[in-house]
Amino acid sequence: MGSTKYDSVIIGAGLSGLAAGIRLAQFGREVLVVEKHSIIGGLNSFYSRFGRKIDVGLHAITNFVRKGIFKSPLSKLLRQLRIPYDLLDLCEQNFSKIMLNDKVAKFSNDFTLLESEIARLFPKSADAFRRLVKKIKDFDAYNSDPLQDASTRHMLATLLDHNRELEDMLLLPTLYYGSARENDVTWKQFVILFRSIFLEGFARPFDGIRKILAILLQKFQELGGEKRLRCKVQRIETVGGKVAGVQLSNGEFIECDSVLSTIGYPETVKLYDQNRFEVTPKGQLSFCEAIAIFDRQPQEYGWNDTIIFFEKNPHFSYKKASDEIALSSGVICLPNNFHYNGNQSLKEGILRVTALANYDKWKAFSGADYQSMKRHCFDRLTEQAVKILGDKYIDFRTWKSNLLDRDFFTPLTVERFTGRINGAIYGSPQKIYDGILPIKNLFLCGTDQGFLGIIGAMLSGISIVNRHLLLGREA
Ligand SMILES: Cc1cc2nc3c(=O)[nH]c(=O)nc-3n(C[C@H](O)[C@H](O)[C@H](O)COP(=O)(O)OP(=O)(O)OC[C@H]3O[C@@H](n4cnc5c(N)ncnc54)[C@H](O)[C@@H]3O)c2cc1C
């Protein structure tokens, strides 16, 4: 049992919390990570089901760059955490697609493919697209900028001469992989997401997220960091406007000099000020995901794509679903379709399909109805994906007869396992970029600091520690 006085307590053992913990421990700080769940990883964890290890969320690690490329978020992250590149076992995607109604653009980790696809589909907008990319490359996303909160819809309409189809095609992947706002995202976040998806790229370790989590945990513990699982922070205690410690749900009080919260902006405010919590903006966007395990490799059906972002209607709509799920758009992921090292292949076929959902509708179900709606939505969502994936139509019933296992998560699943209000994966629409909260020595990092995704969350943890707790050692 460790001491009950620490330099820092980190609330949450997700990716941002673990990275922040390593950084503090590297500088000799006594640090404790407190996690309410029984395993680490938060939004991007894994679980066992009938002997299979299943990733909770992982489609792909964005921000991929090849070894030796410096000045990228991934290389900064590895340098700061002192993790060798090869340890992550990152394997690149085959290729992915954006499908907007009848228009299809392919992209891969080679950006020139997307450039040529945009020029093919929208020849008159090719120059405008090049200018847009230059603007994105030149933007300083890590410092404050007058344009940071501008509407991306507005920016794109101007920069792409009101080419709504092209605008929608670029927003499909970026909003799905990181926007907490309906039908838009701030310019700063769009730039970060565009770079991480298109200018950098997608990769995945053969063993999925477990690989990354194991590296982080080992590093943290070797440096003397401590963690406590199944341990919920009930309150952040303050004295004279300054952090004094945290009160756990088992009644224990842990004294500390600083607290770093990774659990979200409104969720953190609730721990120290109930009145302020009522008026703090909460995220409304949540998702469902179907996970299907089947008895053959997807290539046998001719499915070679890694990720497909689709919208069936002429215009892309990204908003809270009016029914339990919205079937008109979503994300299809085939984790088999990465170039795994040594020509390894995953033993079984895996299909993941994500769609926008409605938290309130799911919340209203009773036990049996909830389970039967999950089964119904699984069928509808996977049927949609099978239709989209098939070059020629593959009979859904035949595909279903090849299923070995299935699972389905809803906004309630996310809420239960991570504590995110409304199951809002991308958190609050209001981001706290500097990580500063009105209590002295209480800081926010992770999703609601504005850096999303696996690499983004870890960088957030590092940069907030550098800026506020190690004074000036910027990530
Ligand atoms: C379904 C899904 C798919 C995703 N796919 C991808 C992907 O393919 N690629 C990608 O890059 N990103 C993906 N993401 C996003 C990525 O997982 C997140 O951006 C990242 O994991 C966020 O990490 P975090 O540390 O900020 O927050 P979290 O992971 O939410 O960590 C917060 C932790 O705090 C704990 N906690 C909450 N309240 C308390 C409390 N009171 N006391 C103690 N502990 C508490 C929670 O249990 C949780 O473990 C996906 C997310 C989801 C949900």
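For ligands, and for the atoms within them, numbers begin at 1 and follow the listed sequence.
Considering both main-chain and side-chain atoms, Cys445 never comes within under 3.5 Å of ligand 1 through any nitrogen or oxygen pair. On a distance-only criterion, Arg420 and ligand 1 share at least one N/O pair closer than 3.5 Å. For ligand 1, one of its N or O atoms has an N or O atom of Gly57 under 3.5 Å away. Residue Val233 has at least one N or O atom closer than 3.5 Å to an N or O atom of ligand 1. Between Val56 and ligand 1, not a single N/O pair is under 3.5 Å apart. On a distance-only criterion, Gly453 and ligand 1 share at least one N/O pair closer than 3.5 Å.
In summary, Arg204 and Asp55 engage in a salt bridge, as defined by a charged side-chain N under 4.0 Å from a carboxylate O. Comment: Arg66 does not engage Glu200 in a salt bridge, judged by the lack of any side-chain N to carboxylate O separation of less than 4.0 angstrom. Between Arg406 and Asp379 a salt bridge is recorded (basic side-chain N to carboxylate O distance below 4.0 Å). With salt bridges taken as basic N to acidic carboxylate O contacts below 4.0 Å, one links Asp86 and Lys67.
Near Cys231, with a cut-off below 4.0 Å to any heavy atom, the atoms of ligand 1 are 43 (C). Per-residue contacts place Val34 under 4.0 angstrom from the following atoms of ligand 1 (heavy atoms of the residue considered): 43 (C), 44 (N). Atom numbering of ligand 1 starts at 1 in the shown order; those under 4.0 Å from a heavy atom of Gly446 are 26 (O). Contact atoms of ligand 1 toward Leu58: 8 (O) (distance under 4.0 Å to a heavy atom of the residue). Less than 4.0 angstrom separates some heavy atom of Gly42 from each of these atoms of ligand 1: 29 (O), 48 (C), 49 (O). The contact set between ligand 1 and Ile454, taken as ligand atoms under 4.0 Å from a residue heavy atom, comprises 9 (N), 10 (C), 11 (O), 12 (N). Listed by atom number, the atoms of ligand 1 under 4.0 Å from Phe417 heavy atoms are 47 (O).
Which of Arg204, Glu35, Arg352, His37 comes nearest to atom 35 (C) of ligand 1 through a heavy atom is settled by distance: it is Glu35. Of the candidates Ser261, Gly12, Pro335, Gly12 brings a heavy atom nearest to atom 33 (C) of ligand 1.
With a 4.0 Å heavy-atom cut-off, ligand 1 is reached by no atom of Ser45.
When the options Glu348, Lys347, Arg49 are evaluated for a side-chain contact (heavy atoms from CB on, under 4.5 Å) with Ile293, the one that passes is Glu348.
No side-chain donor-acceptor contact under 3.5 Å links Ser249 to the backbone of Gln234.
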